[in-house]
Amino acid sequence: MPNNPFDRLRQLALKIPEGAQELLPLIDFLETFPEQGSDEDLVHLVGITAMGIAKARQGGIWDGGKWLFLRGAAPAFPTHPGEGWQVRPWQYADEMYGHLVLRAEPLPDSVPLLLSISAPLLAWRRAEAVRSSQNQSLALQLSRLNTVFELTRNLGEVETRRDLVRLMANTLMGEFRIMRLLVVDPQGQVLHAKGLGTLPEILEGEALHDVVQSRGLVHAIELVDQTHSHGFAYAADPAVGKLSDDDEVFLHTLLNLTSSQLSSLELREARIQGERMEKDLDLARNIQRSLLPQTLPEPEGWQCAAANLPYQAVGGDLYDLWMTHEEGRSDRLHLAVGDISGKGLPASLMMTQLSALLRAMADRRVEDWGHLAGRVNRRMNNVRDGNRYTTLFAGSLNPLNGDLRYVNGGHNPPLIVRANREVVRLAPTGPMVGLLPGVTFAQGRVHMDPGDVLVIFTDGLVEAENAAGMELGDGPLADVVLRRPDAGADELFEALLVEAFQHLEDGKFRDDVTLVVIKRMG
């Protein structure tokens, strides 16, 4: 006995001669059905089987709008073809698949049986197709969720921009089977390129356009996080097929994740850089403080007060007071106040150089401060950074007789407020130091009597503006001293700063501020 159940059915059908002719096509249909890969194949099998059973040469299956299957000439009105035609509905429950239209008479009973068997089979096949599609869609979504999870986790572990972009690129190319990919930053620097051959390090303008066109990079997506752009990714179509709408959405999702991580990486790098900068500024601040005198020398009969208020963490103002001792000569008080052009760390570095130069060149008695300023000028022209220069007031005071010899290289004129209420301004004796090579400086000379006060300051003090935009000027400084004829250097220093802050009201200084007060006591 045959093992195949369909062969057994055929043997049984052949034992019923009057039914064999109709049963055998049904058996063939049931055996062939599983091999039909599409609805079209199944409809074709039903039509062919029905025509074979009915021995019809004309017929088809009409779905109400078109012929799903047709052999021979089509009737003008499929559902009412006229005499000699047979029409049977093909449906399962409430689902209508069409009408079987055959030119045959009479219609064998096995034809309606074929329709009643094939309709649920078609319904089952379609349900299976939907279920399979849903399963595939679910599997794809799960796979992509896993990809998002893995990419998010791995992106958080990389430490450089190039590694992050490389990880993103490899993920995209593997997920979508993209064989050519290019990623450039906003300046055109190539961050990643795959499948494109040798490329220059920078691609912008026409060069970038030519690469995109010639390599078939049909997808261009900006790597943007909110309003911050990290560049563009250019990709070719997948090796097989094209990107679907869902693929496009997922592609943008992966790129958005990468853009967010790039922003986070930049913020982290900025924070680290800021911490490093803060440490550098702390170091520079400490170095600068160490250059300023910790205690001020005060020869007998004299009082000194001084301070520096940097506009930023470090500044470009300098003040220094130191005593020089030379055998056989009286001790002298050397003093210097300078203002480097610019602000912040660059000005601070040049201030450090100027301080070292002055200490080295004026460590002992200086015969001519104009000549010393010339030497400093030559040195600074050799080492200065770009266009940086300095104003400089430097000199030497004899504590015994009040004689002051000085040089003023383009500095704000210091004030001598005399006990007799006269105000003397020590005008410049030369240009700014380090600005022009080969210039000369003259030495100035002035005498301080008991009760006289020397006030030296930088422009950050006298150019301080109030809310109305008016500068303080040096007149109010002289008035502060004149109103306090019996005050010492510390009291005068404090009163001068109070005057400046009251002028500012709620404002702030716009530049480094340095103030030095020296008084010859009565």
Side-chain angles (χ1 to χ4, degrees), residues 283-299 304 306-308 310 314-342 345-399 403-411 414 428-445 456 458 512 514 516 518:
L283 178 60
R285 187 185 298 116
N286 292 333
I287 292 174
Q288 189 173 46
R289 285 174 179 171
S290 69
L291 294 174
L292 300 176
Q294 304 302 306
T295 58
L296 299 179
E298 289 188 329
C304 301
N308 166 252
V314 291
D317 279 7
L318 160 75
Y319 77 87
D320 200 359
L321 290 86
W322 70 100
M323 297 297 298
T324 61
H325 309 279
E326 192 171 352
E327 187 174 351
R329 293 186 173 184
S330 60
D331 295 344
R332 300 188 72 88
L333 174 63
H334 284 193
L335 53 96
V337 175
D339 182 3
I340 305 293
S341 60
L345 192 58
S348 171
L349 293 174
M350 193 167 180
M351 184 276 278
T352 304
Q353 292 179 322
L354 177 61
S355 175
L357 283 173
L358 289 173
R359 278 288 185 141
M361 294 181 180
D363 185 48
R364 295 187 178 183
R365 182 181 180 90
V366 176
E367 298 298 337
D368 190 315
W369 285 90
H371 291 167
L372 183 138
R375 293 171 57 196
V376 174
N377 182 70
R378 288 191 294 274
R379 179 61 177 165
M380 288 191 65
N381 269 282
N382 291 333
V383 301
R384 68 190 176 101
D385 176 20
N387 293 322
R388 296 197 183 279
Y389 49 84
T390 183
T391 65
L392 176 66
F393 181 86
S396 175
L397 179 65
N398 187 337
D403 179 53
L404 173 62
R405 293 182 293 109
Y406 65 90
V407 63
N408 185 342
H411 196 78
T429 61
M432 299 176 190
V433 177
L435 179 63
L436 300 170
V439 297
T440 59
F441 299 83
Q443 175 176 265
R445 196 161 192 157
I456 313 170
T458 55
D512 302 326
T514 296
V516 177
I518 301 174

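Numbering of residues begins at 1 and proceeds along the displayed sequence. The figures that follow rest on heavy atoms only: side chains count, while hydrogens, waters and symmetry mates do not.
P431 approaches F441 most closely through the heavy-atom pair O-CE2, 2.9 Å. Scanning both residues, Y389 and L435, for their nearest heavy atoms gives CD2-CD1, 3.6 Å. Nearest heavy atoms, H411 versus T391: ND1-OG1, 2.8 Å. The shortest non-hydrogen separation linking M323 to D331 is CE-CB, 3.9 Å. Considering all non-hydrogen atoms of both residues, L333 and C304 come closest at CD2-SG, 4.2 Å. What you find for M380 and G434 is that their closest heavy atoms are CB-CA, 4.1 Å.
A perpendicular orientation is assigned to the rings of H334 and W322, their planes being inclined by more than 60° (bins at 30° and 60°).
At least one donor-acceptor pair under 3.5 Å links the side chain of N381 to the backbone N or O of N377. Using a distance-only test at 3.5 Å, with no hydrogens or angles considered, no donor-acceptor pair links the side chain of R405 to the main chain of N398.
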Under the side chain to side chain contact (heavy atoms under 4.5 Å, CB included) rule, what do T429 and Q443 come out as? Steps first, then yes or no, please.
-> CA-CA 7 Å; T429 61; Q443 175 176 265; over 6 Å; no
List the steps and the verdict of side chain to side chain contact (heavy atoms under 4.5 Å, CB included) for T390 and V376.
-> CA-CA 11 Å; T390 183; V376 174; over 6 Å; no
Is there a side chain to side chain contact (heavy atoms under 4.5 Å, CB included) between L354 and V433 once you walk through the steps?
-> CA-CA 10 Å; L354 177 61; V433 177; 5.6 Å; no
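You'll find the side chain of L335 stays beyond 4.5 Å of the side chain of V516, heavy atoms only. Contact annotation: the side chain of M432 never approaches that of V439 to less than 4.5 Å [non-hydrogen atoms, C-beta and beyond]. No side-chain heavy atom of I340 sits under 4.5 Å from any side-chain heavy atom of L318. Two residues are said to be in side-chain contact when any heavy atoms from C-beta on lie closer than 4.5 Å; R365 and T324 fail this criterion.
In this structure, the side chain to side chain donor-acceptor pair (under 3.5 Å) partners of T514, at least two apart in sequence or on a different chain, are N308, D317. Under the side-chain contact (heavy atoms from CB on, under 4.5 Å) criterion, A394 pairs with A336, W369, L392, V407, sequence neighbours left out. Evaluation of the side chain to side chain donor-acceptor pair (under 3.5 Å) rule for R364 yields no partner, not counting sequence neighbours.
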